[in-house]
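Predicted model only: the values in this text are computed from it and were never measured. Every heavy atom of this structure was used, including side-chain atoms; hydrogens, water molecules and symmetry mates were not. Residue numbers run from 1 in the order of the sequence given.
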Amino acid sequence: MKPYAKIGSLLLALIIAVAAVGCTPISLNAEWAYKTDKVELPIGVYSYSLKTAYSQAKNYASKLASYDEASDSWLDLEITDDDGDKAIARDWIKNEADKMCLNYIAVDNLVEELGIDMSGATADSAKKSAEEYWTVGPYASYGYYMPYKDQYEPYGVSFESFEYCTTLYNTKYSAIFDKIYGEGGSKEVKDDEFISYFTENYTDYKYIKANLYKSTTDESNKSTDVALSDEDAKKITDEFDGYAKELNNGTSFDDVVNKYKTANSLTDDPSTSAVENLKSSSLGDELKTALGEMKANEAKTVKVGSGNTAVYYLIFKGDINSDIDSHVYDSTERNKLLADMKKDEFAKYVDDLAQKTDCEKNQSVLDQYKPELYFVKPESSSASSNSSSTSSSSSSSSK
C-alpha cells in the first residue's frame with residue numbers, strides 16, 4: 001500500500017473497519033515504539049498501524065477459498081496485496097505496520113526540513129476532524145454513532161495517537177506535496193506540463209443509456225429482470241442510432257438530450273457527463289474501449305451485456321482542448337490534476353526516505369502486539385457457538 005494513497009485512505013480504512021466488540025484490552029504503560037533524535041512515536045501509533053494493516057490483510061484473506069471469519073487461522077494464509085506481492089498474512093501485517101511508522105517519521109522530518117508551519121488553522125482543522133471521528137464516528141450526521149474511541153482505546157491507542165496517524169498525518173502529507181510540486185516548489189509543475197498531461201490522459205464524454213430489459217413481478221411478489229422483445233429493443237436501438245447520426249452531423253448533445261426527453265416524456269436530465277482520466281475511472285471496460293477508439297466530437301452507440309442485463313449507450317466524446325481553462329486554470333481542478341500527475345512519484349519519494357530512516361525500535365514492547373490481538377469473533381459465530389452449547393447441555397440433561 002503506497003503512502004500517498006493514505007491521503008484519505010487511512011480514514012477510509014477506519015470507516016470500513018469492523019467495530020471491535022468484545023475485544024481484549026491491552027494494559028501497558030505509555031511506552032515509545034520508534035524514536036530518532038527528533039521524533040518519538042508512542043506505542044499507540046504502532047498499535048493503530050497494526051490494527052489498520054490487520055483490517056487490510058483481512059480483506060485480502062477474505063477472497064481466499066480457505067478463509068474462515070470465525071477463526072484467526074487466516075493469519076497463517078498467504079495473501080496477495082494490491083501491488084501483487086504475496087506474503088503470509090501475519091508477516092504482511094507486521095511489515096506494513098512497520099512501513100507506516102517509518103513513513104510517519106519520514107513525513108515529520110520533511111515538515112521540519114521544508115519549514116512547513118503546522119500551527120494555527122491548519123492544525124486546528126486536523127484536530128477538529130479527528131475529534132469528530134474519535135467521539136461520534138463518521139456517520140453521526142446520518143444518526144449512526146460509531147466512535148472510533150471505542151474501537152481503538154482498548155488497544156492502547158490514545159486520541160493523540162489516532163489524530164497523529166490520521167488527520168494530522170494526511171494534512172502534513174498534503175502540505176509537503178504542495179510545497180514540492182506547487183508554485184515556487186523545487187519541482188513546480190508549469191502550465192505547459194499541466195496542459196500536456198491533461199490533453200493526453202483525460203477524456204471528455206457524455207452519454208445516455210437505456211435498459212434493454214424490464215422488471216416484472218410474479219404472483220409471490222418476486223421481481224425478475226426479463227429481456228425486452230426484439231421489437232421493443234429495436235425501438236430503443238434505432239432511436240439511439242438515429243441520435244448518433246444527428247450528433248455526427250453537427251447537432252449539439254444538449255439538443256439531442258432535449259429531443260430524447262420530449263420523445264420519452266422525461267422531466268429530469270437523463271444524461272451523464274464527465275471529464276476524467278479513464279485509467280482511474282469506474283466506467284465499464286466496453287465504454288472505455290469505445291471512447292479510446294473515438295475522435296473528438298464523435299458519437300457512437302454501444303451495447304453492454306446481453307439478455308436480461310443488456311444496456312444500450314449513446315456516447316459522445318467531446319474535445320478535451322475545450323476543457324483546458326476549466327481544469328488547468330481553475331485552482332480546485334488544478335490541484336486534483338496535480339495530485340493525479342504526481343501522486344505515484346511522490347509516494348515513491350516518501351517510501352524511499354522512510355526506508356532510509358535510521359531509528360531505534362523498542363522491539364520488546366512491539367513484540368507484545370501480535371496480529372491475533374485484533375481478532376474479534378463475529379457475533380453470529382459466537383451466537384451459533386452458544387446455541388450449540390445450550391443444545392448440547394439440554395440433550396445431556398435429558399439423557
Side-chain angles (χ1 to χ4, degrees), residues 1-4 6-7 9-11 13-14 25-56 93-120 122-131 133-134 148-149 151-177 179 346-347 349-371 373-374:
M1 182 177 62
K2 294 179 172 58
Y4 186 84
K6 292 193 184 105
I7 296 184
S9 75
L10 282 177
L11 294 179
L14 294 179
I26 300 170
S27 299
L28 290 174
N29 294 325
E31 300 263 11
W32 63 271
Y34 292 67
K35 71 178 178 180
T36 67
D37 56 342
K38 297 179 180 179
V39 180
E40 182 174 296
L41 304 186
I43 193 62
V45 168
Y46 180 71
S47 182
Y48 168 86
S49 303
L50 202 65
K51 190 175 189 300
T52 299
Y54 177 94
S55 295
Q56 293 164 338
I93 292 168
K94 290 186 285 187
N95 187 51
E96 194 66 19
D98 181 66
K99 288 181 182 178
M100 291 171 70
C101 288
L102 292 176
N103 272 278
Y104 298 144
I105 295 174
V107 163
D108 279 346
N109 289 340
L110 282 171
V111 166
E112 182 179 6
E113 179 185 325
L114 297 174
I116 296 174
D117 183 8
M118 289 302 300
S119 62
T122 301
D124 290 343
S125 178
K127 179 177 286 294
K128 183 178 180 180
S129 295
E131 287 174 343
Y133 284 111
W134 186 251
Y148 286 134
K149 174 182 179 180
Q151 296 184 35
Y152 288 91
E153 272 193 337
Y155 296 103
V157 181
S158 66
F159 168 74
E160 289 73 21
S161 291
F162 174 82
E163 178 194 17
Y164 177 84
C165 295
T166 56
T167 58
L168 190 56
Y169 173 80
N170 294 339
T171 301
K172 289 183 285 190
Y173 197 96
S174 296
I176 296 167
F177 181 87
K179 186 76 172 181
F346 185 59
Y349 170 63
V350 176
D351 264 343
D352 290 344
L353 287 179
Q355 293 309 307
K356 296 174 183 176
T357 298
D358 183 22
C359 67
E360 184 180 353
K361 301 178 185 180
N362 196 350
Q363 201 62 53
S364 63
V365 175
L366 298 182
D367 288 344
Q368 296 180 55
Y369 286 76
K370 303 180 186 299
L373 291 170
Y374 304 93

Between the side chain of Ser49 and the main-chain N/O of Val45, is any donor-acceptor distance below 3.5 Å? yes

State, to 0.1 Å, how close Pro371 and Ile93 come at their nearest heavy-atom pair, and which atoms those are. CB-CD1, 4.1 Å

Between Thr166 and Tyr148, does any side-chain donor sit less than 3.5 Å from a side-chain acceptor? no

Backbone N or O of Gly156 within a donor-acceptor pair of the Ser47 side chain at under 3.5 Å? no

Would Phe177 and Tyr173 count as a close aromatic pair, with their ring centres under 6.0 Å? no

Would you kindly say whether Asp351 and Gln355 are connected by a side-chain donor-acceptor distance under 3.5 Å? no

So do the side chains of Tyr369 and Tyr155 get within less than 4.5 Å of each other, counting heavy atoms only? no

Measure up the Tyr46 and Tyr34 rings against each other and bin them: parallel (under 30°), tilted (30 to 60°), perpendicular (over 60°). tilted

Are the aromatic ring centres of Tyr164 and Tyr104 under 6.0 angstrom apart? yes

Would you call Lys172 and Ile116 a side-chain contact if the rule is heavy atoms closer than 4.5 Å? no

Answer yes or no: is there a donor N or O on one side and an acceptor on the other, between the side chain of Thr122 and the main chain of Met118, under 3.5 Å? no

So salt bridge (charged side-chain N to carboxylate O under 4.0 Å, His left out) across residues 357-366, not counting sequence neighbours, yields Asp98-Lys361

For Ala97 and Ala53, which heavy atoms make the closest approach, and how far apart are they? N-CB, 4.3 Å

Return yes if some donor-acceptor pair links the side-chain N/O of Asn362 with the main-chain N/O of Trp32 below 3.5 Å, else return no. yes

